[in-house]
Undergrad: 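Quick one: this structure, given as structure tokens, is what I'll be asking you about.
Each ligand, and each atom within it, is numbered from 1 in the order the structure gives.
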Amino acid sequence: MDLQYPGKRPLAEIREELLAASAEARDLPSDFETGLAVTGDNYEVMLSLLRKFAGKIDLIYTDPPFNTRSCFFRGEDRVSTVSHGKSDRVAYNDSMPMDQYLEFMRVRFCLMHLLLGESGSLYLHIDNRAGPYLRILLDEVFGIDNFLNDISRVKCNPKNFSRAGYGNYKDVIYFYAKNRDQVIFNGVTESYSEEDIARLYRKKDARGRRYTTVPCHAPGESAGETGGLFRNQLPPPGRHWRYAPSVLADLDEKGLIEWSATGVPRIIRYADDAAGKKIQDIWLNYKDPQYPRYPTEKNSEMLEMIVRQSSRENSLIMDPFAGSGSFLSAGISQGRRVIGIDSSPEAMTVISERPELRGLKFADMSRAGVPDPDAL
Ligand SMILES: C[S@@+](CC[C@H](N)C(=O)[O-])C[C@H]1O[C@@H](n2cnc3c(N)ncnc32)[C@H](O)[C@@H]1O
């Protein structure tokens with residue numbers, strides 16, 4: 001599968017060029033404790049990072065411009081797109097010819113791939129217009145086998161615009177492993193809602209605790225221990241006990257086996273002991289903030305969940321299009337070391353004003369931060 005557009009270069013050529021350019025790139029501080037926030041084009045910043053951090057990053061969350069053909073503004077007390085006040089400042093401009101946008105992203109995907117460690121992963125947050133094209137580019141850079149999920153995320157309340165077409169209230173997140181056999185995935189679950197509990201745990205014990213029961217046996221006969229007697233019963237034909245009879249007897253003594261009137265045992269599972277439910281690929285509960293501090297700021301609980309799911313205590317994690325720094329903040333709250341990059345001085349102002357991010361080391365690699373040789 002190949003996506004064709006003008007100006008598309010072979011991947012091997014891009015990778016070679018990036019490695020050569022990183023050898024010449026500017027040095028960045030690498031002795032930061034909690035994290036690093038860099039103002040600048042993430043192409044140049046990631047080239048610099050490659051010198052010390054190639055293969056060292058466990059998780060990248062990236063929420064780039066979606067090429068919406070809009071300009072995003074930020075004023076004293078509000079953020080906006082189309083309409084803006086005279087004193088509002090440009091946060092970022094989101095408009096490129098499509099072929100340039102695709103190659104801009106593809107080169108950056110290569111840099112991210114080089115920075116990720118073998119157990120690392122990438123979450124690309126994107127909309128339904130740019131998304132399908134970028135997914136093909138990710139398949140090229142990460143390998144189709146390392147695609148793990150496309151997640152639909154409900155971003156806002158339903159819309160009632162009059163234009164033709166269904167309301168769009170979701171965006172998408174593509175989740176790729178650097179190497180799917182080694183990827184960090186911590187099995188973080190989400191808690192059951194009250195409706196889930198009422199539906200899944202229909203019974204109540206004498207103290208009002210909700211529970212359900214599951215069979216003591218499972219398909220397949222066994223000639224071993226789990227095919228033997230439990231309370232003088234053999235498992236039904238074609239089945240074996242789920243646990244050794246001694247374990248079932250222990251559960252029975254603890255009151256965790258329910259016996260039917262006809263003497264059939266079932267294991268009791270209490271709702272308040274349940275670990276939670278596996279997170280699926282439609283995310284309903286992570287709408288974006290109603291009063292963001294920065295345009296297109298993402299839901300912080302979603303970002304925290306991603307950090308807990310796909311990195312470890314002390315992992316180094318990165319957001320190369322950091323915006324308001326919400327992902328950096330999620331990382332710090334979970335004890336991770338973070339790197340954030342944004343080319344917008346407005347974004348860096350927001351990041352530097354967040355109290356939880358004050359401990360970051362700040363560096364400037366923007367044009368404004370590079371000494372002008374003509375002025376020397
Ligand atoms: C969609 S916003 C990110 C919002 C962020 N996820 C948040 O929760 O606040 C995209 C950001 O990418 C930044 N950006 C655009 N081009 C960039 C580049 N070449 N290098 C670094 N940052 C860039 C923009 O300034 C903007 O802040």
Undergrad: Only heavy atoms of G40, strictly under 4.0 Å: list the atoms of ligand 1 that pass.
TA: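 So the answer, numbered in order with elements, is 20 (N), 21 (C).
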Undergrad: Around atom 17 (C) of ligand 1, find the nearest protein heavy atom and jot down its residue, atom name and distance.
TA: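 Scanning the protein heavy atoms, the shortest distance from atom 17 (C) of ligand 1 goes to S343 OG, 3.3 Å.
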Undergrad: So if I count the atoms of ligand 1 from 1 in the order they appear, which ones are less than 4.0 Å from some heavy atom of P64?
TA: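 Under 4.0 Å from P64, ligand 1 has these atoms: 1 (C).
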Undergrad: At a 4.0 Å threshold, what atoms of ligand 1 neighbour a non-hydrogen atom of E297?
TA: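 Here the atoms of ligand 1 in question are 7 (C), 8 (O), 9 (O).
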Undergrad: Using distance alone, decide if ligand 1 has a nitrogen or oxygen within less than 3.5 Å of any nitrogen or oxygen in K298.
TA: yes
Undergrad: Closer than 4.0 angstrom, basic N to acidic O: yes or no for R336 and D58?
TA: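 Looking at D58 together with R336, the answer is no, because their closest N to O distance does not fall below 4.0 Å.
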Undergrad: For S324, take its heavy atoms, then give the atoms of ligand 1 lying under 4.0 Å from any of them.
TA: 7 (C), 8 (O), 9 (O)
Undergrad: So for F104, does at least one of its heavy atoms come nearer than 4.0 angstrom to any atom of ligand 1?
TA: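 Judged by the 4.0 Å heavy-atom criterion, F104 does count as contacting ligand 1.
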Undergrad: Looking only at distance, does Y61 have an N or O less than 3.5 Å from an N or O of ligand 1?
TA: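 Between Y61 and ligand 1, no N or O pair is found under 3.5 Å apart.
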Undergrad: Could you label the plane-to-plane angle of the F53 and F32 rings as parallel, tilted or perpendicular, counting under 30° as parallel and over 60° as perpendicular?
TA: tilted
Undergrad: In terms of relative ring orientation, are Y286 and W283 parallel, tilted or perpendicular, with 30° and 60° separating the classes?
TA: perpendicular
Undergrad: Hey, which atoms in ligand 1 end up nearer than 4.0 Å to a heavy atom of D41?
TA: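 Heavy-atom distances to D41 below 4.0 Å select 18 (C), 19 (N), 20 (N).
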